[in-house]
Protein chains: 2
Amino acid sequence: MSASKRDELVHKALEIFYRDGFHSTGMDTLVKETGISKTSMYKHFRTKEDLILAALRLRDEKFRNFIFRRIEELAKTPREKLIATFDVLAEWFEMKDFRGCMFVKASGEYPEHNTPILNTAAEHKNQLIRYLADLARDAGAQDPENLATQILILKEGATVLAHLQGPGKFAKQAKEAAIPLILAACD
Amino acid sequence: MSASKRDELVHKALEIFYRDGFHSTGMDTLVKETGISKTSMYKHFRTKEDLILAALRLRDEKFRNFIFRRIEELAKTPREKLIATFDVLAEWFEMKDFRGCMFVKASGEYPEHNTPILNTAAEHKNQLIRYLADLARDAGAQDPENLATQILILKEGATVLAHLQGPGKFAKQAKEAAIPLILAACD
DNA sequence: TTATACATTTACCGTTCGGTACACCTTTGT
DNA sequence: ACAAAGGTGTACCGAACGGTAAATGTATAA
């Protein structure tokens, strides 16, 4: 039961769950696509929910890596980084396999409060807030938490609409809405 | 096959789909909860997808009625109405059965482009944009479409986060982000 | 070489899925 | 009174669901 095999399973599961959804992807499909047997799959993951949680944790890590790394590459000052968030968002929307936010999808399919999947999704958003709040603090914002929350609201709204209506203009519109907020918050 | 019976079925289906999701709600559950027989159900709706589409159309109508009516009740001038959008949003978030936007949920479970369900969800958002753009035009905005889009982005973001993290502060934060945008756009 | 331990496969479990064939009403027109 | 028409319920379809028991490798240690 090698750790790398498990990793491979989670990567593949993440890809398929993100593309097709959670309920509509059966364990038989995952087993077939990964080439493993069903019993082995259930040795690595006790239940389907365990596999979903592992996939969400991987997604959390990969997504934050991508966003944070690109922001750091695109901008130098904290204030510029806050704004660059929306340029990274535009890059994400344009990717050919973009299908919206995986955690929003998960919260739609498992909406019951205080369940592991919804909690994992909520925690992902907390991590984003924390990162943005740190940037806002470094940028000298009066109320870093508030500014971070507003930026996250714009990010989530743009993401939802980009998935529903196509990538078009939403990252740009969100950016144009964010800039005056950021400038006003940092004197 | 009375029209009122069909209406009753759609209402009940909407309630259950919104609470539990689409894939995780079986036709057997719907049949049991409505007290009708399966054959009769399939006389009214050829497939499960037809029933989902009917539920989404009803949701579209009910949701827009609620939002637009409350906005008109809360504010008089077009500019005030744009702002009041976020007070109505706060009311929605506080409702005990609030579970986020049904069309976002639908787009998460049926993400394939150019399919009836995704198209219906996209059209719902178009209707909201159109209404907001009309208000923005009446309020004298330079670019009504842009302002409407930005307000919708804030609405969608606040909705997603309110579902994930609880109603708390998101309507208020979105409102505070929207006000300067609205004021700046209308001179 | 053989016993042990563990990973893997095959074959299957009971349940639920979306959907349907068909017998059984009940109504309506004549 | 009676037949045609159409809505209704029962009982069922094959497939897919999440999950498991038992057999079959296969590598290591004695």
Side-chain angles (χ1 to χ4, degrees), chain A residues 1-57 105-106 108-112 115-118 120, chain B residues 1-58 102 105-106 108-112 115-118 120:
Chain A
M1 191 154 78
S2 72
S4 73
K5 188 70 186 174
R6 187 193 144 100
D7 232 57
E8 188 191 323
L9 295 177
V10 180
H11 272 83
K12 193 76 190 176
L14 169 54
E15 176 195 329
I16 299 177
F17 280 140
Y18 182 59
R19 172 164 32 90
D20 299 337
F22 300 96
H23 280 103
S24 76
T25 302
M27 290 301 268
D28 289 315
T29 304
L30 273 341
V31 159
K32 193 167 295 176
E33 292 279 324
T34 53
I36 207 177
S37 80
K38 214 165 179 180
T39 311
S40 298
M41 179 67 96
Y42 274 94
K43 278 271 153 53
H44 286 285
F45 307 98
R46 268 186 48 262
T47 63
K48 186 183 181 182
E49 181 170 299
D50 279 5
L51 177 55
I52 292 176
L53 288 169
L56 288 178
R57 279 189 290 266
K105 285 157 96 80
E109 293 203 47
Y110 302 92
E112 212 75 51
T115 48
I117 293 177
L118 195 72
T120 302
Chain B
M1 193 152 79
S2 71
S4 73
K5 188 69 186 177
R6 189 193 143 100
D7 232 58
E8 189 191 324
L9 295 177
V10 181
H11 272 84
K12 193 75 190 176
L14 168 54
E15 176 195 329
I16 298 177
F17 281 139
Y18 182 59
R19 172 164 31 92
D20 299 336
F22 299 96
H23 280 103
S24 76
T25 302
M27 291 301 269
D28 289 316
T29 304
L30 272 341
V31 159
K32 195 168 293 176
E33 291 279 324
T34 53
I36 208 177
S37 80
K38 215 166 179 180
T39 310
S40 298
M41 180 67 95
Y42 274 94
K43 278 272 154 54
H44 286 285
F45 307 97
R46 267 186 50 262
T47 63
K48 185 184 183 183
E49 181 170 299
D50 278 4
L51 177 54
I52 292 175
L53 288 169
L56 288 178
R57 280 189 290 267
L58 176 60
M102 182 153 199
K105 285 157 97 79
E109 293 204 46
Y110 302 91
E112 212 76 52
T115 48
I117 293 178
L118 196 72
T120 302

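A, B, ... follow the sequence lines: proteins, then strands. Residue 1 opens every chain.
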### Task
Send over the distance from His44(A) NE2 to dC6(C) C1', rounded to a whole Å.
12 Å
### Query
Rounded to the nearest Å, what distance is computed from the NZ atom of residue Lys32(B) to the P atom of nucleotide dT10(D)?
12 Å
### Message
Keeping Glu109(A) on the side-chain end and His23(A) on the backbone end, is there a donor-acceptor pair under 3.5 Å?
### Response
yes
### Query
Would you say the side-chain atoms of Lys48(B) pair up with the backbone N or O of Phe22(B), donor to acceptor, closer than 3.5 Å?
yes
### Task
State, yes or no, whether a side-chain contact exists between Glu8(B) and Ile36(B) at a heavy-atom distance under 4.5 Å.
no
### Task
Let me know the distance between CD1 of Ile52(A) and C1' of dG18(D), rounded to the nearest Å.
11 Å
### Residue pair His11(B) / Leu58(B), side-chain heavy-atom distance below 4.5 Å
yes
### Task
Just do the side-chain contact (heavy atoms from CB on, under 4.5 Å) check on Leu30(A) and Lys12(A) with the steps written out, would you?
CA-CA 8 Å; Leu30(A) 273 341; Lys12(A) 193 76 190 176; 5.9 Å; no
### Query
Can you tell me if Lys105(B) uses its side chain to pair, donor with acceptor, with the backbone of Phe17(B) under 3.5 Å?
no
### Query
Where the side chain of Ser40(A) is concerned, which of dT8(C), dG18(C), dG19(D) is the nearest nucleotide?
dT8(C)
### Task
Mind running a 4.0 Å heavy-atom check of residues 10-29 of chain A against DNA chain C and sending the residues that fall below it, in number order?
none
### Message
Quick check: closest heavy atoms across Val10(A) and Ala54(A), and the distance to 0.1 Å?
### Response
CG1-O, 3.6 Å
### Nearest-angstrom distance from the residue atom NZ of Lys5(A) to C1' of dC6(C)
17 Å
### Summary
dist Asp50(B):CG -> His44(B):NE2 (nearest 0.5 Å) comes out at 13.0 Å
Between protein and nucleic acid, restricted to nucleotides 20-28 of chain C and to nitrogen or oxygen atoms under 3.5 Å apart, what atom pairs and distances do you find?
unit_1: dA21(C); atom_1: N6; unit_2: Thr39(B); atom_2: OG1; d: 3.0

### Query
Nearest-Å distance, CE (Met41(A)) to P (dT20(D))?
14 Å
### Pairs meeting criterion salt bridge (charged side-chain N to carboxylate O under 4.0 Å, His left out) with involvement of residues 19-29 of chain B, two or more places apart
Glu15(B)-Arg19(B), Asp28(B)-Lys38(B)
### Task
Take atom CZ of Phe45(A) and atom C1' of dT20(D), then tell me their distance rounded to the nearest Å.
18 Å
### Query
Looking only at side-chain N and O atoms, does Ser37(A) come under 4.0 Å of OP1 or OP2 in dT9(C)?
yes
